[in-house]
**Q** 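Below are the structure tokens for one structure; questions will follow.
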Protein chains: 2
Amino acid sequence: MAKRKIHNCLDGCSVESTLQLISGKWKSVFLYHLIFEGAYRYSELQRFVPGITKRMLSLQLKDLETDGLISRIVLQEKPIAVSYSVTDYGRTLAPVIESMYDWGNSFNLHQLNTQ
Amino acid sequence: MAKRKIHNCLDGCSVESTLQLISGKWKSVFLYHLIFEGAYRYSELQRFVPGITKRMLSLQLKDLETDGLISRIVLQEKPIAVSYSVTDYGRTLAPVIESMYDWGNSFNLHQLNTQ
DNA sequence: CTGTATCCCCGGTGATACTG
DNA sequence: CAGTATCACCGGGGATACAG
């Protein structure tokens with residue numbers, strides 16, 4: 001399903017391969033919200049990253065969908081609405097995202113916005 | 001210590017901030033070996049990624065050192081030798097790297113080298 | 001509301017040669 | 001052995017306008 005090319009490395013390659021799926025800009029943020037909070041709409045996801053362009057939002061979501069991590073559902077509403085949710089496959093990333101979230105809070109967060 | 005700029009996002013930002021430290025090309029691979037296997041020399045680290053240039057190797061290691069995750073020690077040998085090891089701070093990333101390693105093995109590895 | 005189409009720029013990365 | 005110095009490329013990502 002994933003058609004992203006994998007670089008050739010030896011042991012430790014699996015770490016890199018995991019990284020490739022989630023290292024796109026803001027991908028991990030969207031995965032975090034979709035995994036631990038549930039489905040969100042396009043406009044809601046956009047609000048999670050202030051200033052992100054619709055183009056980037058679409059590109060990142062498309063990547064996640066292409067990799068089978070999230071699913072895109074067009075709701076029958078007017079005006080049009082689209083719901084994004086994590087797939088079963090995507091949900092297996094929960095431990096990874098959670099450990100990153102925890103580490104960021106414990107060891108890195110104090111370095112943010114230190115201006 | 002880390003001087004990398006953090007993007008403005010809301011909750012979930014800590015996930016992204018963690019990613020920024022380890023998402024450089026091959027950084028996660030080096031962290032994996034240094035955390036779970038111990039110290040390595042420059043030339044040994046180079047062998048973990050076949051084809052990597054000395055330039056990229058130096059850049060990635062320099063980034064990791066600047067972020068305080070690894071330490072660089074020049075050994076008194078002839079010819080010159082340099083040993084790289086993980087710092088206490090870098091070792092706190094163990095759960096993150098480990099979860100990525102496990103996920104890559106469990107859910108992603110079968111998609112590698114499928115040519 | 002949810003995107004796509006263009007244009008464009010910058011920095012991450014590769015290739016290669018050189019150095020202590 | 002362990003890097004640094006240059007040059008060059010390309011694709012990720014931003015700005016903006018347009019579309020269903």
Side-chain angles (χ1 to χ4, degrees), chain A residues 2-9 13 16 19-31 33-34 39-67 70-85, chain B residues 2-9 13 16-17 19-30 33-34 39-67 70-85:
Chain A
K3 61 287 87 354
R4 210 173 310 281
K5 58 186 172 304
I6 304 297
H7 308 278
N8 62 323
C9 57
C13 184
E16 185 66 22
L19 205 47
Q20 290 191 20
L21 290 181
I22 63 180
S23 63
K25 207 162 189 178
W26 312 124
K27 279 185 192 175
S28 62
V29 176
F30 297 136
L31 280 174
H33 289 290
L34 292 174
Y40 278 113
R41 302 194 177 187
Y42 185 84
S43 55
E44 293 173 323
L45 290 173
Q46 189 171 23
R47 271 180 235 119
F48 285 136
V49 183
I52 190 177
T53 64
K54 288 177 292 186
R55 176 192 137 87
M56 269 313 294
L57 179 59
S58 295
L59 285 177
Q60 300 299 296
L61 292 175
K62 174 93 69 182
D63 271 3
L64 292 171
E65 186 189 5
T66 304
D67 286 332
I70 68 174
S71 59
R72 175 182 179 276
I73 298 177
V74 180
L75 306 176
Q76 299 308 319
E77 299 184 6
K78 266 201 74 157
I80 194 173
V82 178
S83 175
Y84 288 90
S85 56
Chain B
K3 65 284 91 347
R4 209 174 310 281
K5 57 187 172 303
I6 303 298
H7 308 277
N8 61 325
C9 59
C13 184
E16 186 66 23
S17 71
L19 204 48
Q20 290 192 19
L21 289 182
I22 63 179
S23 63
K25 207 163 189 177
W26 311 124
K27 279 185 192 175
S28 62
V29 175
F30 296 135
H33 290 289
L34 293 175
Y40 277 112
R41 303 195 175 187
Y42 185 85
S43 56
E44 293 173 323
L45 291 172
Q46 189 171 23
R47 270 180 234 118
F48 285 135
V49 183
I52 190 175
T53 63
K54 286 177 291 183
R55 173 192 140 86
M56 269 312 294
L57 180 59
S58 295
L59 285 177
Q60 299 298 297
L61 293 175
K62 173 94 68 182
D63 271 3
L64 291 172
E65 186 190 5
T66 304
D67 286 332
I70 68 173
S71 60
R72 175 182 178 277
I73 298 177
V74 180
L75 306 176
Q76 300 307 321
E77 299 184 5
K78 267 202 74 162
I80 194 173
V82 178
S83 175
Y84 288 90
S85 55

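Chain A is the first sequence line, chain B the second, and so forth, proteins listed ahead of strands; every chain is numbered from 1.
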**Q** Using atom CG of Leu57(A) as one end and atom P of dT4(C) as the other, report the distance to the nearest whole Å.
**A**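 Value for this atom pair: 10 Å.
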**Q** Could you state the NZ-C1' distance from Lys25(B) to dG11(D), rounded to the nearest angstrom?
**A**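 Nearest whole value for this atom pair: 11 Å.
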**Q** Got a second to check how far Phe48(B)'s CZ is from Ser43(B)'s OG, nearest 0.5 Å?
**A**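 Rounded to the nearest 0.5 Å, the CZ-OG separation comes to 10.0 Å.
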**Q** Between dT2(C), dT13(C), dG3(D), spot the one nearest the side chain of Tyr84(B), thanks.
**A**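 The listed nucleotide nearest to Tyr84(B)'s side chain is dG3(D).
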**Q** Measure the spacing between CD of Gln60(B) and OG of Ser28(B) and express it to the nearest 0.5 Å.
**A**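 One gets 9.5 Å once the value is rounded to the nearest 0.5 Å.
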**Q** Set out, in order, the CA-CA distance, both residues' side-chain angles and the distance that settles side-chain contact (heavy atoms from CB on, under 4.5 Å) for Leu45(B) and Leu34(B), then state yes or no.
**A** CA-CA 9 Å; Leu45(B) 291 172; Leu34(B) 293 175; 4.2 Å; yes
**Q** With a cut-off of less than 4.0 Å, is there a side-chain N or O of Tyr40(A) near OP1 or OP2 of dT2(C)?
**A**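 Checking dT2(C) against Tyr40(A), no side-chain N or O comes under 4.0 Å of OP1 or OP2.
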**Q** Aromatic rings Tyr84(B) and Tyr42(B): how do their planes relate, parallel, tilted or perpendicular, breaks at 30° and 60°?
**A**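 Rings of Tyr84(B) and Tyr42(B): tilted, as their planes differ by 30° to 60°.
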**Q** Base, sugar-phosphate or nothing for Gln60(B)? Non-hydrogen atoms, less than 4.0 Å.
**A**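 It contacts sugar-phosphate atoms only.
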**Q** Which is it for Arg72(B) and Val82(B) under the side-chain contact (heavy atoms from CB on, under 4.5 Å) test, yes or no, and what are the steps along the way?
**A** CA-CA 7 Å; Arg72(B) 175 182 178 277; Val82(B) 178; 3.6 Å; yes
**Q** Write down the distance between CG (Leu59(A)) and P (dG14(D)), rounded to a whole number of angstrom.
**A**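 My rounded result for the distance is 10 Å.
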**Q** Between P on dC1(C) and CD on Glu44(A), what's the gap in Å once rounded to a whole number?
**A**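 Those two atoms, CD and P, are 11 Å apart.
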**Q** Can Val49(A) and Glu16(B) be said to form a side-chain contact (heavy atoms from CB on, under 4.5 Å), step by step?
**A** CA-CA 11 Å; Val49(A) 183; Glu16(B) 186 66 23; over 6 Å; no
**Q** What's the closest nucleotide to the Arg72(B) side chain, out of dG3(D), dT4(C), dG14(D)?
**A**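 My answer, after comparing the listed nucleotides, is dG3(D).
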**Q** Rounded to the nearest angstrom, tell me the gap between atom NZ in Lys62(A) and atom P in dT2(C).
**A**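 So the NZ-P distance, Lys62(A) to dT2(C), works out to 15 Å.
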**Q** From CE of Met56(A) over to C1' of dG11(D), roughly how many Å is that when rounded to an integer?
**A**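 Interatomic distance, CE of Met56(A) to C1' of dG11(D): 12 Å.
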**Q** What's the CD1-C1' distance between Ile73(B) and dA2(D), to the nearest Å?
**A**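 In whole Å, dA2(D) C1' and Ile73(B) CD1 are 16 Å from each other.
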**Q** How many whole angstroms separate atom CD of Gln20(A) from atom C1' of dG12(C)?
**A**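 For the pair Gln20(A) CD and dG12(C) C1', the rounded distance is 15 Å.
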**Q** Please report the interatomic distance CG(Leu61(B)) to CE(Met56(B)), rounded to the nearest 0.5 Å.
**A**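 Separation between the atoms: 9.5 Å.
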**Q** What string of B, S and - do you get for nucleotides 15-20 of chain C, 5' to 3', if B is base contact, S is sugar-phosphate-only contact and - is no contact with any protein heavy atom under 4.0 Å?
**A** B----B
**Q** Just call it for Ser43(A): base, sugar-phosphate, or nothing, with non-hydrogen atoms closer than 4.0 Å on any strand.
**A**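 Counting heavy atoms under 4.0 Å across all strands, the contact made by Ser43(A) is with sugar-phosphate only.
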